[in-house]
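Structure, as structure tokens:
In what follows, every heavy atom counts, from backbone to side chain, and hydrogens, waters and symmetry copies are set aside. For this chain, numbers begin at 1 and follow the sequence in order.
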Amino acid sequence: MIDSNLINKCQEKLRDKFNEIEKIALFNQEKVLNAFKNNKIALRHFVSTNGYGYGDEGRDTLNQLFAEVFKSESAICSPYIVSGTHALALCLFGVLKNGDTMLSIVGNPYDTLNDVINGEDNGSLADIGVNFDKIKLINGQFNKQSIADYLKNKTPKMVYIQRSRGYEWRNALSIAQIKDVVEFLRELNFKGCIMVDNCYGEFIDYKEPIEVGANLIAGSLIKNPGGGIAPTGGYVAGDKVYVDKVLNRMTAPSIAGEVGSYLAGYGLYYQGLFLAPHTVSQAVKGSMIIGAVMNELGYEVSPSINELPGDIIRAIKFNDKDKLIQFIQNIQANSPVDSHVLALPWAMPGYQDEVIMAAGCFVQGSSIELSADAPIKPPYIGYLQGGLTYEHCIIALKNMNL
């Protein structure tokens with residue numbers, strides 16, 4: 001058990017940062033509400049549809065709503081995008097074709113994209129003749145000299161940016177950093193697609209990547225933009241020319257976004273988006289208080305407790321396999337669902353190492369709900385996500401057995 005006095009002390013230290021998080025939430029809540037009002041959202045948009053779904057007003061208006069919220073020309077919000085990885089893959093396969101090059105300027109993307117990009121004889125980008133190059137970050141910053149040198153000699157079709165840390169010890173990229181590198185790329189006369197993996201970063205700041213010059217973003221609805229309510233799905237937003245290509249890949253070039261019904265109805269997607277700014281603020285505050293307390297207990301955390309996070313993920317370095325596993329099991333034990341289940345490492349599909357996950361969530365795998373995971377490898381770093389309510393994060397923290 002963790003002493004309540006320690007938690008209270010850390011809350012006092014974080015008061016000013018919590019005030020800023022609440023200002024961001026208010027700004028984004030007003031933005032979302034205005035989008036609902038501008039699109040005249042009504043009960044008819046929530047109803048189920050079947051068959052081809054021609055003229056599905058709920059689907060089409062939801063797409064328009066996401067486009068307005070993310071300040072993009074076009075958007076797709078669909079229950080048929082099964083995960084963030086699927087949303088990202090749709091973008092990559094929609095935009096890139098044989099002979100094109102994808103340049104990642106954040107090093108290797110998240111583990112689950114490895115087979116999407118480099119898999120052998122599995123329908124990967126490599127299988128269809130797409131080239132992949134990468135330039136690593138240096139101390140969490142873009143390597144501008146290497147980027148400039150690369151673009152002198154090659155012309156990639158896409159520059160790829162992953163906003164979150166993945167399983168790396170670095171801060172999530174801020175909107176300011178993304179804006180700076182987008183402007184740098186354009187100064188170098190790069191005219192291709194700048195794509196941002198926006199997973200875990202929605203509603204963290206006053207702006208989204210499209211507003212600072214990105215051409216295409218994608219993410220999961222069981223993370224930030226679903227507000228803990230959306231039961232599945234993903235989204236893509238950006239320039240119409242690119243979103244149209246993604247739609248052609250998602251369905252077929254002859255039908256694109258004109259079809260697609262949903263028998264369950266769209267109400268939870270609309271409600272989830274409306275709740276998202278507040279839910280994200282709860283997750284960020286929860287991440288900060290857990291990070292602050294763990295830091296006081298002697299663990300190194302990232303981001304630093306002195307800075308606002310760039311996404312909802314908190315990394316905690318344990319330097320000990322057993323302590324890492326115990327922390328993940330503590331999160332599971334303080335979950336509203338499956339609290340009785342003992343989390344253990346396993347060979348999870350799409351990952352390079354054994355992974356342990358705590359995910360006692362209402363929506364399976366939802367990482368806007370309080371959850372945690374970690375690859376079982378030195379230095380044994382745990383990655384904490386979510387928290388639908390700040391209060392849940394406090395209670396889980398109090399009940400930690402470390």
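From I290, atom CD1 reaches atom CG of L370 across 5.5 Å, with rounding to the nearest 0.5 Å. For the atom pair I289 CD1 and I305 CD1, the distance stands at 9.5 Å (nearest 0.5 Å). For the atom pair S72 OG and Y242 OH, the distance stands at 14.5 Å (nearest 0.5 Å). Annotation: the span from R314 atom CZ to R165 atom CZ amounts to 7.5 Å, rounded to 0.5 Å. One distance of note links CG of N114 with CD1 of I117; it measures 7.0 Å at 0.5 Å rounding. Atoms CD1 and OH, from I24 and Y206 in turn, are 5.0 Å apart once rounded to the nearest 0.5 Å.
For NZ of K207, the number of neighbouring non-hydrogen atoms (other residues, nucleotides, ligands) closer than 6.0 Å is 12 at most. The number of heavy atoms from other shown groups lying within 6.0 Å of CD (E258) does not exceed 12. Within 6.0 Å of atom CG in D121, 12 or fewer heavy atoms from other residues, nucleotides or ligands are found, so the atom counts as exposed in its surroundings. In N139, the CG atom is not crowded: 12 or fewer heavy atoms of neighbouring residues, nucleotides or ligands sit closer than 6.0 Å. Around the NZ atom of K317, the shell of radius 6.0 Å holds more than 12 heavy atoms that belong to other residues, nucleotides or ligands.
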Steps toward ring pair (Phe, Tyr, Trp, His ring centres under 6.0 Å) verdict (F184, F142)
CA-CA 10 Å; F184 178 71; F142 291 106; 9.3 Å; no
side-chain contact (heavy atoms from CB on, under 4.5 Å) between Y52 and I255, worked out:
CA-CA 10 Å; Y52 291 128; I255 54 178; over 6 Å; no
Check the pair E20 / D16 against side-chain contact (heavy atoms from CB on, under 4.5 Å), numbers first and verdict last.
CA-CA 7 Å; E20 179 61 20; D16 289 344; over 6 Å; no
Steps toward side-chain contact (heavy atoms from CB on, under 4.5 Å) verdict (I128, F93)
CA-CA 9 Å; I128 62 171; F93 283 101; 3.9 Å; yes
Starting from the C-alpha separation in whole Å, work towards a yes-or-no answer on side-chain hydrogen bond (donor to acceptor under 3.5 Å, both in side chains) for D60 and Q64.
CA-CA 6 Å; D60 294 344; Q64 293 167 17; over 6 Å; no
Test side-chain contact (heavy atoms from CB on, under 4.5 Å) applied to V196 and E208, step by step
CA-CA 10 Å; V196 176; E208 299 292 334; over 6 Å; no
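At least one side-chain heavy atom of R59 sits less than 4.5 Å from a side-chain heavy atom of Y266. Inter-residue side-chain proximity for V293 and M400 is flagged as unmet; no heavy-atom pair is nearer than 4.5 Å. Inter-residue side-chain proximity for F274 and L65 is flagged as unmet; no heavy-atom pair is nearer than 4.5 Å. Contact annotation: the side chain of L151 approaches that of L185 to within less than 4.5 Å [non-hydrogen atoms, C-beta and beyond]. Inter-residue side-chain proximity for C361 and V337 is flagged as unmet; no heavy-atom pair is nearer than 4.5 Å. D133 places none of its side-chain heavy atoms less than 4.5 Å from the side chain of P156. Here the side chains of K31 and K71 are in contact, with some heavy-atom distance below 4.5 Å. Within the 4.5 Å cutoff, side-chain heavy atoms of I204 are placed close to those of N224.
Each of S367, S287, S371 was checked for a side chain to side chain donor-acceptor pair (under 3.5 Å) with Q385, and the lone residue meeting it is S371. Screening N215, N248, N63, I76 against V243 for a side chain to side chain contact (heavy atoms under 4.5 Å, CB included) leaves a single residue, I76. Partner of I312 under the side chain to side chain contact (heavy atoms under 4.5 Å, CB included) criterion, out of I368, L384, T279: I368 alone.
The two residues Q329 and L344 make their nearest non-hydrogen contact at NE2-CD2, 4.0 Å. Between I210 and L216, the shortest heavy-atom contact is CD1-N, 3.8 Å. Across all their heavy atoms, L247 and G257 have their closest contact at CD2-CA, 3.8 Å. Of all heavy-atom pairs between S104 and F132, the closest is CB-CE1, 3.8 Å. Contact detail for A67 and S74: the closest heavy-atom pair is CB-C, 3.9 Å. The nearest pair of heavy atoms linking A374 to G382 is CB-CA, 3.9 Å.
Listed for the Q332 side chain is a donor-acceptor partner under 3.5 Å among the backbone atoms of A359. Of the possible polar contacts, one joining the N122 side chain to the D115 backbone as a donor-acceptor pair under 3.5 Å is found. A donor-acceptor pair is defined here as one N or O able to donate and one able to accept, closer than 3.5 Å; no such pair exists between the side chain of Q282 and the backbone of G387. For the pair S124 (side chain) and N118 (backbone), a donor-acceptor distance under 3.5 Å is absent. In this structure, the side chain of T251 engages the main chain of A256 through a donor-acceptor pair within 3.5 Å. Under the 3.5 Å distance criterion, the side-chain polar atoms of Q177 are matched with a main-chain donor or acceptor of G140. A distance-only check finds a donor-acceptor pair linking the side chain of N34 to the backbone of E30 [under 3.5 Å]. D239 places no side-chain N or O within donor-acceptor distance of the main-chain N or O of V241, the cut-off being under 3.5 Å. In this structure a side-chain-to-backbone donor-acceptor pair under 3.5 Å is present from H45 to A42. Distance alone, capped at 3.5 Å, places no donor-acceptor pair between the D197 side chain and the R163 backbone.
N143 and K136 share no side-chain donor-acceptor pair at under 3.5 Å. N189 and K191 share a donor-acceptor pair across their side chains, judged by distance under 3.5 Å alone. In this model, a donor atom of one side chain and an acceptor atom of the other lie less than 3.5 Å apart for T49 and D56. A donor-acceptor pair shorter than 3.5 Å cannot be found between the side chains of Q326 and N330.
Classified by interplanar angle (parallel below 30°, tilted 30° to 60°, perpendicular above 60°), the ring pair Y270/F46 is tilted. Using bins of under 30°, 30° to 60° and over 60° for the plane-to-plane angle, the ring pair Y383/Y167 lands in the tilted bin. Between F327 and F318, the ring-plane angle classifies as tilted under the 30° and 60° cut-offs. Between F66 and Y235, the ring planes are tilted. Angles from 30° to 60° get that label.
Of the charged side-chain nitrogens involved, none lies within less than 4.0 Å of a carboxylate oxygen, so that E73 and K240 do not count as a salt-bridged pair. Using a 4.0 Å cut-off between charged nitrogen and carboxylate oxygen, E12 and R15 count as a salt-bridge pair. Salt-bridge check for D3 with K9: failed, with every basic side-chain N at 4.0 Å or more from each acidic carboxylate O.
Within the cation-pi definition used here (under 6.0 Å to the ring centroid, within 45° of the axis), K321 does not qualify as a partner of Y380.
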